[in-house]
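Any value given below was found using the heavy atoms of this structure, including those in side chains, with hydrogens, waters and symmetry copies removed. Both counts, for ligands and for their atoms, begin at 1 and track the order of listing. The residues of the chain are indexed from 1 along the displayed sequence.
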Amino acid sequence: MIVTIDGPAGAGKSTAAKKLAARLGFQFLDTGAMYRVVTWACLEHRVDMQNPDAVANAARQVEIRFDGDRVFADGHEVTHEIRTIDVTHESRHIAGNVEVRSHLVELQRRMAQGRDVVSEGRDQGTVAFPHAECKFFITAEPRERAIRRQRELKARGEAVPLQELLDQIIQRDRRDEMREVGALKPAPDAITIDTSVISPTETLDRLERIVRERMTERSRSPDPLVRP
Ligand code: DC
């Protein structure tokens, strides 16, 4: 079974997706990490981010591997390196590259083949897995996301004004939503969950309940295509 979780940055979807996969015993696919690995590889090899062909080549060449929570690029662990501000910032060039997107979507489908997966990103329910059995769109008000981000940064000893974070979030959303391919939007059959108004535990419980309901429904109604 494929469960897709899409939504904007900072809505709490990564944590929810990871925990949901653990509760269900499904594999977790962090597609954002894949875009980050390509970004990291471009920075590492000094690829010109303004050159779409060079970026697409770099994407095709780098070998991306997951091992639990750990991420590897060409056999080198980059779990932490792909989370730097630099990588986050530069990833927009990678996410906007049509060829990179189609290559990574292909990889995502291969990784999910024959498995039970919770796949998290921006375009999982719309582009990568349009036939997924269960699709979610997890969102939260921009202001709420900015407050959460400010709290996270404060815990790390960084004080950033709320307005600055809010501006960044709005800008990033706009870029994600306006992208020509793989734009951030809910699939028509996705269930939207707004985490501004419910707690992380409630979010997780709701996700798990819906997936388990779908699993039961599926086991009760066999696929008409395979019926004699
Ligand atoms: O979710 P994240 O912050 O780790 O994502 C990193 C970058 O990749 C960000 O620029 C959004 C982009 N992304 C994407 O375009 N499509 C996905 N399926 C996942 C992430």
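In the candidate list Gln124, Arg36, Arg175, Arg36 is nearest to atom 4 (O) of ligand 1, counting heavy atoms. Ranked by closest heavy atom to atom 16 (N) of ligand 1, the top entry among Arg92, Arg101, Lys13, Arg83 is Arg101.
Inclusion of Thr31 in the set of residues having an N or O under 3.5 Å from an N or O of ligand 1 is warranted. Between Ser91 and ligand 1, at least one pair of N/O atoms sits closer than 3.5 Å. Residue contacts with ligand 1: Thr88 is placed with no nitrogen or oxygen under 3.5 Å of a nitrogen or oxygen of the ligand (distance criterion only). At a 3.5 angstrom cut-off on N or O pairs, Arg122 counts as close to ligand 1. Checked against a 3.5 angstrom limit, the closest N/O atoms of Glu120 and ligand 1 fall outside it.
Remark: minimum distance from atom 20 (C) of ligand 1 to any protein heavy atom is reached at Gly32 CA, 3.5 Å. Closest to atom 18 (N) of ligand 1 among all protein heavy atoms lies Asp123 OD1, 2.9 Å.
The distance from atom CD1 of Ile5 to atom SG of Cys134, rounded to the nearest 0.5 Å, is 8.5 Å.
Using 4.0 Å as the threshold, Gln108 has no heavy atom nearer than that to any atom of ligand 1. In this structure, Arg172 is part of the shell of residues with a heavy atom less than 4.0 angstrom from ligand 1.
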In a table with atom names and distances, give each donor-acceptor pair under 3.5 Å that connects a side chain of residues 55-67 to protein atoms at least two apart or in another chain.
{"from": "Asn57", "atom 1": "OD1", "to": "Arg60", "atom 2": "NH2", "distance (Å)": "3.4"}
{"from": "Arg60", "atom 1": "NH1", "to": "Glu99", "atom 2": "OE1", "distance (Å)": "2.9"}

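Side chain of Thr195 to main chain of Ala11: a donor-acceptor pair is present (N/O by atom type, distance under 3.5 Å, no hydrogens or angles).
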